[in-house]
Amino acid sequence: GAARRREADWHALAQDVKAEMAWAWDAYRRQAWGKDEIRPVSGSFSSFPLKTHHLGLTIVEALDTLWVMGLDERFQQGVDWVKAELDFDVDGDVSVFETSIRFVGGLLSAHHACGDPVLLAKAKDLADRLLPAFQTPTAMPWRFVNLKTGVGRESVTSPADIATYLPEWGTLSRLTGDPRYAEAARKATAALFARRSRLDMVATQIDVLTGAWRSRTATVGSYCDSFFEYLWDGWQLFGDAECKRMYDICTAAILRHQPRWQRGRLWFADVDFETGATVSTVQDELASFYGGLLGQGGAMREGAAYTESWAGVQARFGVLPEGYDYATGAAAQPTNALRPELADAAFNLWLLDRDERWREIGRDHFLAMKRWNKAAYGYTDLADVTSVPKRQADHCPGYWWSEQMKYYYLLFADTPRFDYRTNYLSTEGNVLLGFRHGADG
Ligand SMILES: O=C1NC[C@H](CO)[C@@H](O)[C@@H]1O
Ligand SMILES: [Ca+2]
C-alpha cells in the first residue's frame, strides 16, 4: 500500500546518499589521498588540525560512514591506509577538542565497525599524546597541545573545548582497561560545572590556570554547545548519574533564561550568565543541534519547536547561513560551512518518535546540499548563501564525511547494520555503540 511505497521511496533516497558518498570518496582518492581535506572546486587540498602536516583527516572521519553504508571495499582502503601511514608522532600543536572528537572518535568508531586492534592502538596512542594537556591546576585542559612534547598552550578556552571528551575517553578506558582517560574527562567536566554562575550558567571563555571567567555570554551555540550535549551523553552511554544531575541543572537554567518566542518561533537568546539579560538575538548555525538534545533530555516540545524554527530558516535561504538574526530575519553571517547540525537534530528527534516530519527535514537538507554545495571534486562550503546564484567557496571540512552523510543514510535506509533502538553517536557523528555485524553477511 501507500506506506510500503513511501518506505521504498526513503530507501531509494538512501541509495542516492550512498552513491554521493562513493563518488566523493573516489574523487578524494584521486585528488587528495592521505591529505586532510580536499578543496572540491579546485581539486587541491588543505590541512587540519596541524598547520602544514597532513594526518589523513578525511579518511579517518569517513571510515564508519563507509562501513554503515556497506561501502566495504572503500572502508578497507581507508583502514589499510590508517594502518600503514597514520602516525601522530608530530612536533606540532593541535586543538585537544578537535583532535579528540575527530581522530580519537573516528578511530574508535572504525574499531567498533571492524574490530581491528591496530585502530584501537592508534586511538590510545593519540589519547596518550592529548592527556598531558589536562595536567593544569584546575584539571581543565589547555586549548592546544604539542603531539610530540605534550607541552600545552593557550589557557583561555571554552566549555566545549574543556568538556567534550567523556563518550570517547570513557569508551577508550572501557576497551583498554586504563581508567586514566575517563577520569581526566570527568574531572575536567566537574571542574567547569563547579564554576557555574549563581544562575547555573556557564560563559563562552574561561582561564584553565586560574578558573577565572573571561566572558559573560551564555549560549547554546559555539563554545558551549557540546558541553551540554556530553553531560546528557555521559548519562545515556554510561549511566553516569552525576552527568545527568549536571545536565538537568544546566538545562533548567537554559529553559528558564534563554527561550524567546518570536512570531510563533522559538529561539534561544544569548544572555549574560549572571543576570540573564539578552546579549544577542543572532543565532549561530551550530546552535541548531540543540533541538535534538532537548528532545533526548525530555523537553520534546521545546526541542521540536526549535528544530522547526531552524527548518524555517533553511526554507527561507535554501541552505543555512552561519549566523541568523531572529529579531530582523537577516543572515547575520551569510557564509555556509557545510555544517550538519540541523540534520543531526532531525535524526535525533526521528530516533525518538519516528515522526516523518524529521525525515522530511533531513531530505530537504540533503537535496539542498546536492543543489548548491556540489562541485567538480566533492561537496564544498559556500561564500554567500544570499547571492544569486549562491557563491561556492572551496573547502570540504572533515565533519562532512562523518556526520550529515551518515545521518541522511541512517534516516532513510533502515539498514540492518545499525541498531535503531540502542545506539550512541558522538558530537562528530562517530558511532560508538549500535553497529550490528553479520546482519547482512
Ligand atoms: O561538534 C562539532 N562542532 C563543529 C563541527 C560541525 O559544525 C563538528 O566538528 C562537530 O559536529
Ligand atoms: Ca556536533
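Source: prediction; values computed, not measured. All ligand and atom numbering here is 1-based and tracks the order in the structure. Positions are given from 1, in the same order as the sequence printed here.
- Checked by distance only, ligand 1 and Arg339 come closer than 3.5 Å through their nitrogen or oxygen atoms.
- Selection from Thr427, Asp284, Leu286 by nearest heavy atom to atom 4 (C) of ligand 1 gives Leu286.
- Using a cut-off of 3.0 Å, one finds that Thr427 contributes an N/O/S atom close to the Ca ion (ligand 2).
- Annotation: atom 6 (C) of ligand 1 to nearest protein heavy atom, Glu341 OE2, 3.1 Å.
- Across the listed options Glu428, Gln404, Glu403, Glu403 owns the non-hydrogen atom lying nearest to atom 11 (O) of ligand 1.
- Nearest non-hydrogen protein atom to atom 5 (C) of ligand 1 is Tyr399 CD2, 3.5 Å.
- In terms of polar-atom proximity, defined here as any N/O pair under 3.5 Å, Asp225 makes no such contact with ligand 1.
- Ligand 1 lies out of reach of Glu229, whose nearest heavy atom is not under 4.0 Å from it.
- Outside the 6.0 Å centre-distance limit, the rings of Tyr247 and Trp235 are not counted as a close aromatic pair.
- The ring of Phe418 has its center closer than 6.0 angstrom to the ring center of Tyr420.
- Contact of the Leu63 side chain with the Val82 side chain is registered, since non-hydrogen atoms from C-beta on lie closer than 4.5 Å.
- Within the cation-pi definition used here (under 6.0 Å to the ring centroid, within 45° of the axis), Arg216 does not qualify as a partner of Trp213.
- Under 4.0 Å is where a charged nitrogen must lie from a carboxylate oxygen, and between Arg129 and Asp125 at least one such pair does.
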Side chain to side chain donor-acceptor pair (under 3.5 Å) assessment of Thr281 paired with Asp325
CA-CA 6 Å; Thr281 58; Asp325 186 343; 2.6 Å; yes
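- At least one heavy atom of Pro340 sits under 4.0 Å from some atom of ligand 1.
- Ligand 1 places these atoms under 4.0 Å from at least one heavy atom of Arg102: 9 (O).
- A ring-centre distance under 6.0 Å is not found for Phe75 and Trp25.
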